[in-house]
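For reference, the structure is listed below as structure tokens.
Keep in mind that what you see is a predicted model, and the values were worked out from it rather than measured. Every chain is numbered from 1, with letters handed out A, B, ... down the list of sequences.
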There are 2 protein chains.
Amino acid sequence: MARAGVTPQRLTEAGAELADEVGFDQVTVSELARRFGVKVASLYSHVRSSHDLKTRIALLALEEMADRVSDALAGRSGKEALAAFADAYRAYARAHPGRYAAARYRLDPDTAAASAGVRHARMMRAVLRGYHLAEPDRTHAVRMLGGIFHGYVELELSGGFAHTPVDPEESWNWIVDSLDAQLRAHRASPASEE
Amino acid sequence: MARAGVTPQRLTEAGAELADEVGFDQVTVSELARRFGVKVASLYSHVRSSHDLKTRIALLALEEMADRVSDALAGRSGKEALAAFADAYRAYARAHPGRYAAARYRLDPDTAAASAGVRHARMMRAVLRGYHLAEPDRTHAVRMLGGIFHGYVELELSGGFAHTPVDPEESWNWIVDSLDAQLRAHRASPASEE
DNA sequence: GCAGCAACCTAAAGGCTTTAGGTAGCGGCG
DNA sequence: CGCCGCTACCTAAAGCCTTTAGGTTGCTGC
């Protein structure tokens, strides 16, 4: 019988695809085996466990998202950079809800430290450089932006905004504008530059 | 043999307890049966399905959270109300992570419409009354606050702030302060009151 | 005191994960 | 060219979860 040519990479790719189709928590080794026309047990030669598979998908998603954000950020600073980050983030989540959910899969500390998650953090801080915040304000701001980007996108994705007839796009832009204003207002009070 | 005295209410309560102990997505009809010293199939007389059980837990959590927020809001307005809402919300999530996750379980539209979720929305809008925002700013603000409260709490709960040595409490207060300032800045530009 | 309604049970099917151990393509070496 | 061995893929089986069907039995009220 012909071999299916399964590899961890192809599995991860297909898993990400599947996540976008049916939701990340419906991603299952069994379903993947089905799609590859292969018996379930066979996949365990390529992937250690279901958790391992999900971790790989998460890492892929983090990587992809970081790439998008990185591209969006290129050559921009200040409010432009903030908006570019925000929009890239949200766009990715909307285009790839399953992968986005995967990116929020809990990784163990070592894996997380080696993931593209650190690029996200670095980029966020880079965006904030344009606002000249002193510590600990900068950390507060990172957390605020991380929280709202994630929270807004998740609420939007889960249909939480369906009740109200206001374009989520419009709200998003309003929020980004507000955040920009708010951050500018926080500009390091004394002349304490970084 | 003595009867265990299972009721939908007790199941829901125990399910919420279990969620806080092991995480909402580890809540299982089987485990609950074990805890009640009863065979799994027996629970299906009290609960329609696993999904039904989870829905009940979600409704309970929404109710409890709305109660806490409602208590916190009593007699407050303006920034005080904003902070009370925020703190009550975050405190509930920290005290009951499993229930908090349950509260985010996706409900079908009818169930959602009959849930305490609408109280949440009403209270949020009530808080914003203190800032005299005109539509659609008010909706934008609701979404911003909803997003950030949820997003921040989720990031904090998932350990996302562990890397940085800044007290999450401090960041939270900073964020609430910022949001307050930001909302005050948005005060209905013309004299267009509600 | 017993009739009947729940509450609880056994049985069974079907899905997912994971491990153990067998079979057979296929690339490379003699 | 052939056959050797690696490894991709397979069968089998155990364990856990959900859900349905249909049988007992405890309790409550007449």
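The aromatic rings of A/Tyr89 and A/His120 stand perpendicular to each other, their planes meeting at an angle above 60°, with 30° marking the opposite boundary.
At the phosphate of D/dA8, neither OP1 nor OP2 sits under 4.0 Å from any side-chain N or O atom of A/Ser45. For C/dG15, the OP1/OP2 oxygens have no side-chain nitrogen or oxygen of A/Arg34 closer than 4.0 Å. For C/dT17, one of the phosphate oxygens OP1 or OP2 lies less than 4.0 angstrom from a side-chain nitrogen or oxygen of A/Ser30. OP1 or OP2 of C/dA6 has not a single side-chain nitrogen or oxygen of B/His46 nearer than 4.0 Å. Residue A/Ser42 has a polar side-chain atom (N or O) positioned under 4.0 Å from OP1 or OP2 of D/dC10.
Checking B/Trp172 against B/Asp87 by side-chain atom types alone, a donor-acceptor pair falls below 3.5 Å. Side-chain atoms of B/Ser158 and B/Glu154 include no donor-acceptor pair closer than 3.5 Å.
With respect to the salt-bridge test (charged N to carboxylate O, under 4.0 angstrom), the residues B/Glu31 and B/Arg34 qualify.
Between the NE2 atom of B/His51 and the P atom of C/dG15 there is a distance of 21 Å, given to the nearest Å. Distance A/Leu43 CG to D/dT7 P: 18 Å, rounded to the nearest Å. Residue B/Gln26 contributes atom CD, which lies 18 Å from atom P of C/dC16 at whole-angstrom precision. In this structure, B/Leu11 atom CG and C/dA7 atom C1' are separated by 12 Å, rounded to whole Å. Protein atom CG of A/Leu18 is 11 Å distant from nucleotide atom P of C/dC16, rounded to whole Å. Distance B/Lys39 NZ to D/dT24 P: 17 Å, rounded to the nearest Å. In this structure, OH of A/Tyr44 is placed 16 Å from P of D/dC9, rounded to the nearest angstrom. For the pair B/Leu32 CG and C/dC8 P, the interatomic distance rounds to 13 Å; values are reported in whole Å.
Residue A/Thr28 has its side chain nearest to C/dC16 when only C/dC16, D/dA8, C/dC9 are considered. Proximity note for A/Val38 (side chain, C-beta onward) versus C/dC8, D/dT11, D/dC9: the nearest is D/dC9. Of the candidates D/dT18, C/dT10, C/dT17, C/dT17 carries the atom nearest the A/Val40 side chain, counting heavy atoms from C-beta on.
Side chains of A/Arg94 and A/Leu157 form a contact here, defined as non-hydrogen atoms less than 4.5 Å apart.
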